[in-house]
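I have placed the structure first, in the form of structure tokens, so that the comments after it can refer back to it.
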Protein chains: 4
Amino acid sequence: MPRSVRQYEAIRKEKRELILDTALALFAENGFHQTSMEQIARKAGISKGLTYNYFESKNAVLAEILKKGFNAIYEHFDLNKDGLLTYPEFEFFIRQSFHVICKNMNFWKLYFSIMMQPVVTETYIQNYSETSEELIKILIRFLTDNGSENPAKDLFIISSLLKGAYLILVTSPVIMDEDLFVNYIMEGFQRIINHKYNNDL
Amino acid sequence: MPRSVRQYEAIRKEKRELILDTALALFAENGFHQTSMEQIARKAGISKGLTYNYFESKNAVLAEILKKGFNAIYEHFDLNKDGLLTYPEFEFFIRQSFHVICKNMNFWKLYFSIMMQPVVTETYIQNYSETSEELIKILIRFLTDNGSENPAKDLFIISSLLKGAYLILVTSPVIMDEDLFVNYIMEGFQRIINHKYNNDL
Amino acid sequence: MPRSVRQYEAIRKEKRELILDTALALFAENGFHQTSMEQIARKAGISKGLTYNYFESKNAVLAEILKKGFNAIYEHFDLNKDGLLTYPEFEFFIRQSFHVICKNMNFWKLYFSIMMQPVVTETYIQNYSETSEELIKILIRFLTDNGSENPAKDLFIISSLLKGAYLILVTSPVIMDEDLFVNYIMEGFQRIINHKYNNDL
Amino acid sequence: MPRSVRQYEAIRKEKRELILDTALALFAENGFHQTSMEQIARKAGISKGLTYNYFESKNAVLAEILKKGFNAIYEHFDLNKDGLLTYPEFEFFIRQSFHVICKNMNFWKLYFSIMMQPVVTETYIQNYSETSEELIKILIRFLTDNGSENPAKDLFIISSLLKGAYLILVTSPVIMDEDLFVNYIMEGFQRIINHKYNNDL
DNA sequence: CATGAATGAGAGTTCATTCAT
DNA sequence: GATGAATGAACTCTCATTCAT
């Protein structure tokens with residue numbers, strides 16, 4: 001009995017995932033350049049050649065991994081995708097992003113390490129700048145709606161705080177309590193967003 | 001007649017610097033693994049072999065670069081090295097560290113990108129953990145002296161903020177105004193350090 | 001359809017032999033250190049990289065060659081492997097060992113030359129000391145059974161004669177008649193083993 | 001005061017010896033190819049360049065070492081150089097050669113290891129074949145004078161025994177008692193030379 | 001769909017030798 | 001005589017990628 005088209009598709013999808021997961025694990029543990037296609041294939045239990053049946057190149061594997069990472073974070077952004085961010089949606093996004101990172105720490109270690117590489121950065125910027133600009137617009141609107149007098153400035157500070165928190169979370173050798181961590185960050189956001197200059201500053 | 005010891009020393013120091021600077025520029029531009037010793041030598045106008053007269057290996061070149069970076073930042077920490085951090089010393093350190101980064105942005109891009117690589121991270125941690133622990137002690141003392149009720153927690157938040165700010169500074173494609181940036185961060189520190197819980201939180 | 005497991009095995013075995021034979025020829029002709037992997041590959045008609053598909057390193061190629069040599073000689077020792085050496089077995093071993101060496105002179109030139117190298121000697125001693133001790137025990141027993149009053153002494157003299165003969169055979173620029181050579185050595189053994197002290201000494 | 005010609009000569013000779021001794025020690029310990037000119041110079045406490053002031057090349061250093069070795073052994077052969085070897089002279093030579101080897105074991109390890117290398121062998125044969133043939137003639141005469149009926153055969157057996165003994169002495173991991181060792185070998189010679197066929201063979 | 005043998009360009013590294021000083 | 005910086009060719013080894021089967 002020949003397999004149906006649907007069965008073939010299922011097999012293909014499964015293998016793709018297998019390769020991606022294996023590659024991710026190895027990239028995260030040893031770094032991208034220290035990981036060979038041979039290692040990936042062997043650990044995945046398939047042949048070297050087959051990998052190239054599913055991905056054009058080693059870089060293509062990486063690109064796919066990064067893409068999945070980006071989506072994993074931003075699928076929780078503006079949940080109903082109406083282009084309007086409410087405060088609950090904002091908080092949900094923050095908490096979810098930390099949750100996602102904590103749940104798959106190794107991936108995010110890799111993600112950050114890769115994102116810092118000069119060439120990758122350029123590639124990434126080209127691919128995702130469109131989406132990024134969309135996000136920025138929504139956030140600016142969100143800050144304005146929440147009473148920010150200088151939303152660009154506040155966005156900048158918020159981004160700093162958020163990225164810094166991700167970084168700490170990912171590079172710290174000690175494992176931190178997720179809830180405590182997020183609560184701190186949320187408190188930081190509240191202070192920035194709700195801040196009014198008073199006489200004590 | 002052979003050159004004098006002093007002449008040899010001068011040559012060696014100059015060449016070492018030349019190699020380090022060239023390597024840094026290339027590492028920063030193309031990444032560590034994408035840069036070959038051949039490229040470094042060619043750009044420095046010397047032979048490949050000579051590089052190994054000055055550095056044991058490519059990794060040794062990197063290690064030296066990282067060491068210089070670490071020192072460049074931390075020479076401004078606790079300026080009089082008395083183990084006691086005053087608030088002015090703290091502020092001086094923060095402002096200086098941003099200044100140092102801004103002045104040599106390419107280096108610091110590399111520095112951060114390298115620091116994220118799994119293997120490097122381990123090497124680095126082993127080499128610098130001692131110094132780091134010293135720093136942490138001093139900072140804990142500093143926070144306690146400034147009225148912190150939970151200095152470990154506050155240290156954690158401060159570190160997040162600082163590292164995040166460095167990250168943003170270094171990865172942002174737009175060039176930012178240094179003073180504005182530092183002022184913001186300093187304000188963040190003040191809020192964290194001087195913060196008292198009031199009824200509005 | 002991929003090749004069958006059997007096909008792959010056949011290919012691997014054939015290529016392995018090809019590489020070993022080629023390497024041996026070159027090592028023997030030019031010496032181990034004067035032979036590069038590139039030369040081996042070129043002479044074998046394959047790519048440099050492929051060599052490393054079959055052997056972990058140049059040293060691994062050498063180790064395999066030495067191992068084969070050791071076995072080639074000692075498979076004729078104590079033919080029925082009962083731990084007891086009869087005189088016919090002894091003579092058979094001597095004659096066979098010379099035969100083996102004469103038949104593949106180049107290999108044995110290399111073998112001896114390699115065995116003298118300081119580093120190799122250590123490696124070899126560690127790998128084969130166990131087997132050697134077994135051999136010594138059997139030979140001591142053999143000499144005792146043949147009336148030796150001081151088997152350690154006689155073993156030493158015999159070993160000297162044998163090793164020296166191998167050495168001469170291998171290093172001599174003139175080609176000697178194998179049978180004549182062996183007969184001489186066998187006579188030497190007889191003189192040593194059957195010697196009875198008489199009044200003329 | 002400028003140094004006199006004689007002083008310069010003394011310095012040159014001393015330096016030459018220093019380089020030779022140092023090179024020998026390193027060659028013997030690590031092998032010829034594993035020893036660099038840099039190592040030799042550093043261990044000798046001189047500069048790399050100076051080595052080339054005394055020797056044309058690394059190979060020239062080796063050649064000189066080998067030459068000294070050859071002479072060290074054969075200066076004891078046919079002590080009065082009258083072309084006639086008496087039995088006492090023969091015994092003296094054998095005992096002296098073992099003594100020389102035992103006194104400077106490392107050198108002789110190297111010597112044998114080097115002598116086996118294909119290229120070296122050729123060079124050596126060309127340089128010393130003349131001397132060797134002279135030696136052979138004297139030994140044949142010696143054996144004939146001592147009642148040998150087939151001096152070529154006996155020479156061959158004796159040479160085998162001697163070379164084998166040297167080989168064992170040099171490659172054996174255990175240190176042997178020199179006198180015992182020589183006595184064994186001398187006894188072997190006596191057994192071979194004085195052998196008379198009796199009815200038990 | 002699947003295999004792994006095979007390639008070839010290029011990496012890091014070593015080192016005998018040269019040469020300006 | 002003496003130095004060691006400098007060279008450049010050669011080395012061992014790696015690995016992304018191809019392709020016959």
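Using a 4.0 Å cut-off between charged side-chain N and carboxylate O, Arg42(C) and Glu38(C) make a salt bridge. Residues Lys68(A) and Glu17(A) are paired through a salt bridge, judged by an N-O separation under 4.0 Å between the basic side chain and the carboxylate.
Contact annotation: the side chain of Gln34(D) never approaches that of Phe27(D) to less than 4.5 Å [non-hydrogen atoms, C-beta and beyond]. A heavy-atom distance below 4.5 Å is found between the side chains of Arg12(C) and Asn53(C).
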Nucleotide by nucleotide, 5' to 3', does protein get under 4.0 Å of the base (B), only the sugar-phosphate (S), or neither (-) in nucleotides 6-11 of chain F, counting heavy atoms?
BBB-BS
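As a whole-Å value, the separation of Leu18(D) CG from dG1(F) C1' is 15 Å. One atom, CD of Glu14(D), and another, P of dA2(F), lie 11 Å apart when rounded to the nearest Å. Rounding to whole angstrom units, CD1 of residue Ile40(D) and C1' of dC15(E) are separated by 12 Å. One can place CD of Glu9(A) at 11 Å from P of dC1(E), the figure rounded to the nearest angstrom. Atom pair Tyr52(B):OH and dT13(E):P shows a separation of 4 Å (rounding to whole Å applied). Atom CD1 in Ile19(C) sits roughly 10 Å away from atom P in dT7(E) (whole-Å rounding). Regarding Arg3(B), its CZ atom lies at a distance of 6 Å from the P atom of dT21(E), rounded to whole Å.
Side chain of Thr35(B) to backbone of Leu26(B): a donor-acceptor contact under 3.5 angstrom is found. Checking side-chain atoms of Lys58(B) against main-chain N and O of Phe32(B) turns up a donor-acceptor pair under 3.5 Å. Panel note: side chain Gln7(B), backbone Ser4(B); a donor-acceptor pair is recorded below 3.5 Å.
Using the six-membered ring where Trp is involved, His33(B) and His33(A) have ring planes that are parallel, under 30° apart on the 30 and 60° scheme.
Nearest-nucleotide positions on DNA chain E place Arg12(C) closer to the 5' end than the other of Asn59(B) and Arg12(C). Each of Tyr8(B) and Glu56(D) lies near DNA chain E, and the nucleotide nearest Glu56(D) is the one positioned closer to the 5' end.
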How would DNA chain E look in dot-bracket form, 5' to 3', counting Watson-Crick and G-U wobble pairs with both distances under 3.5 Å and writing | for bases paired to another strand?
.||||||||||||||||||||
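Shown here are the ring pair (Phe, Tyr, Trp, His ring centres under 6.0 Å) partners of Phe107(B), two or more places apart in sequence or in another chain: Tyr111(B).
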